[in-house]
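Structure first, commentary second.
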Amino acid sequence: MANVSIRKYKTSDYETARFLFAEGTKEHLPAACMYTLTTPRFYFITFVTCTSVFMGTGSYVLALTSLVALLAAGFYGLYSEFHGVASHALRNDMLDIEKSYMMSENACFWVAEIDRKVVGTVGAQPSTDADDELLLLHISVARDYRQQRIGTKLCQTVIDFARQRGFNAVCLETANIQHAAINLYESVGFKKSRVAIRPSLVHQYTSFTVIDYRYNIKS
């Protein structure tokens, strides 16, 4: 196993950190598509749509066309969702990482290095909902460097930072399709605090659930 070091973000890490975050977010699209194809809601919508078109037109071709259109619309919705999440962060806190994370004593951004190559990222900011909670944000590990406990070390770095700064908990948000991330968080000691479906059309259509996790810091 390669020697992994975790250090604070430097300006020279900017492009790599943004790339790792964006790629890590977008790579969940295939899993999201496969998950959608297995949900009862998808089958129900597909059956109703195709049946209605066939009953109204008597055409198998139009019914099949409606199925293709439905699949295309679903894929576009998922594509827009994941790329939208990445784009929003890249235009906001990840646009100026130095300002967003490195200029406050209660926020920070770290990178994981192997042989002087940045292979992972994670950030931390105080929660806007509770003064005693620190948010774990934008954790990502390069695909070729996974299964080396880099994610565990990044999570532990945030937990240690939260403890040093006097926070009572570290909180984060993930989705039910992110199985590797869920396994990571639970192995570190995070516990589910809330499971919900967002009101957006994509989330309602796909039955995606957002999972909030919380790590309580022992005093």
Side-chain angles (χ1 to χ4, degrees), residues 2-29 79-146 148-175 178 180-181 184-185 188-190 210-217:
N3 185 33
V4 181
S5 63
I6 309 295
R7 62 166 175 79
K8 290 184 178 180
Y9 167 87
K10 297 186 296 187
T11 305
S12 58
D13 303 322
Y14 182 74
E15 294 297 339
T16 304
R18 282 167 54 89
F19 174 80
L20 286 174
F21 161 71
E23 290 301 301
T25 301
K26 295 173 185 176
E27 73 177 20
H28 296 301
L29 179 59
Y79 178 90
S80 299
E81 178 78 11
F82 284 97
H83 281 253
V85 170
S87 296
H88 180 268
L90 292 174
R91 293 193 305 266
N92 288 275
D93 60 306
M94 293 290 285
L95 180 62
D96 191 338
I97 300 174
E98 190 78 26
K99 180 179 179 180
S100 299
Y101 292 93
M102 308 306 293
M103 294 186 177
S104 168
E105 65 176 1
N106 287 330
C108 196
F109 200 91
W110 299 266
V111 299
E113 269 190 335
I114 294 180
D115 297 330
R116 297 185 179 181
K117 180 180 180 179
V118 174
V119 298
T121 65
V122 73
Q125 288 182 337
S127 171
T128 57
D129 298 325
D131 294 337
D132 64 342
E133 294 178 356
L134 186 73
L135 299 180
L136 186 154
L137 301 165
H138 307 324
I139 186 168
S140 184
V141 177
R143 187 189 299 271
D144 294 339
Y145 292 88
R146 293 172 188 172
Q148 298 187 48
R149 298 185 61 80
I150 297 174
T152 300
K153 292 181 179 181
L154 289 169
C155 286
Q156 193 60 55
T157 297
V158 174
I159 292 170
D160 292 343
F161 178 81
R163 183 179 289 111
Q164 294 166 7
R165 293 297 189 273
F167 289 95
N168 292 328
V170 176
C171 299
L172 62 86
E173 181 184 277
T174 189
Q178 296 175 248
L184 165 64
Y185 301 141
V188 172
F190 284 86
V210 175
I211 306 174
D212 291 343
Y213 274 94
R214 179 184 177 94
Y215 183 100
N216 290 316
I217 296 175

SB check Glu113 Lys10 (cutoff 4.0 Å): no
Do Phe161 and Thr157 touch side chain to side chain, with heavy atoms closer than 4.5 Å? no
Got more than 12 heavy atoms from elsewhere within 6.0 Å of CZ, Arg143? no
Test side chain to side chain contact (heavy atoms under 4.5 Å, CB included) on Ile139 and Val158; report intermediate values, then the result. CA-CA 10 Å; Ile139 186 168; Val158 174; over 6 Å; no
Sole candidate of Asp129, Asp212, Leu135, Asn216 that passes side-chain contact (heavy atoms from CB on, under 4.5 Å) when paired with Cys171: Leu135
Minimum-distance pair of heavy atoms, taken over all atoms of Ala112 and Ile150: CB-CG2, 3.6 Å
Non-hydrogen side-chain atoms of Leu90 and Phe21 separated by less than 4.5 Å: yes
Stepwise, does the side chain to side chain contact (heavy atoms under 4.5 Å, CB included) test hold for Phe190 with Ile159? CA-CA 10 Å; Phe190 284 86; Ile159 292 170; 4.2 Å; yes
Interatomic spacing from OG in Ser87 to CG in Asn92 - rounded to 0.5 Å: 10.5 Å
Once rounded to the nearest 0.5 Å, what's the spacing between atom OH of Tyr9 and atom OG1 of Thr16? 9.5 Å
Counting neighbours of OH on Tyr14 that are heavy atoms of other residues, nucleotides or ligands and sit closer than 6.0 Å, is the number greater than 12? yes
Return each pair, listed once, that meets salt bridge (charged side-chain N to carboxylate O under 4.0 Å, His left out) where at least one residue sits in residues 159-172; pairs must be two or more places apart or across chains. Asp160-Arg163
Here the pair of heavy atoms bringing Ala17 nearest to Met94 is O-CE, 3.9 Å
Roughly how far, to the nearest 0.5 Å, is the CG atom of Leu136 from the CG atom of Leu172? 5.5 Å
Are any of the side-chain heavy atoms of Pro126 and Phe167 separated by less than 4.5 Å? yes
Look at the aromatic rings of Tyr185 and Tyr213 and report parallel, tilted or perpendicular, splitting at 30° and 60°. tilted
With a 4.5 Å limit on heavy-atom distance, are the side chains of Gln148 and Ile114 in contact? yes
Pairwise side-chain contact, Leu95 with Arg18, heavy-atom cut-off 4.5 Å (strictly under): yes
Atom of Val188, atom of Cys155 and distance for their closest heavy-atom approach: CG2-CB, 4.1 Å
What I'd like to find out is whether the side chain of Val170 reaches to under 4.5 Å of the side chain of Ile217, using heavy atoms alone. yes
Side chains of Arg7 and Asp13: does their closest heavy-atom pair fall under 4.5 Å? yes
Flag the pair Leu154 / Val141 as yes when at least one side-chain heavy-atom distance between them is below 4.5 Å, and no otherwise. yes
Gln125 side chain vs Ser100 backbone, donor-acceptor pair below 3.5 Å: yes
The side chain to side chain donor-acceptor pair (under 3.5 Å) partners of Asp93 (sequence neighbours excluded) come to Tyr101, His138
Counting N and O atoms only, with roles assigned by atom type, does the side chain of Ser140 sit under 3.5 Å from a partner on the main chain of Leu20, one being a donor and the other an acceptor? yes
Between Phe109 and Gly123 the two heavy atoms that sit nearest each other are CD1-CA, 3.6 Å
Measuring from Met102:CE to Trp110:CH2, what's the distance to the nearest 0.5 Å? 8.0 Å
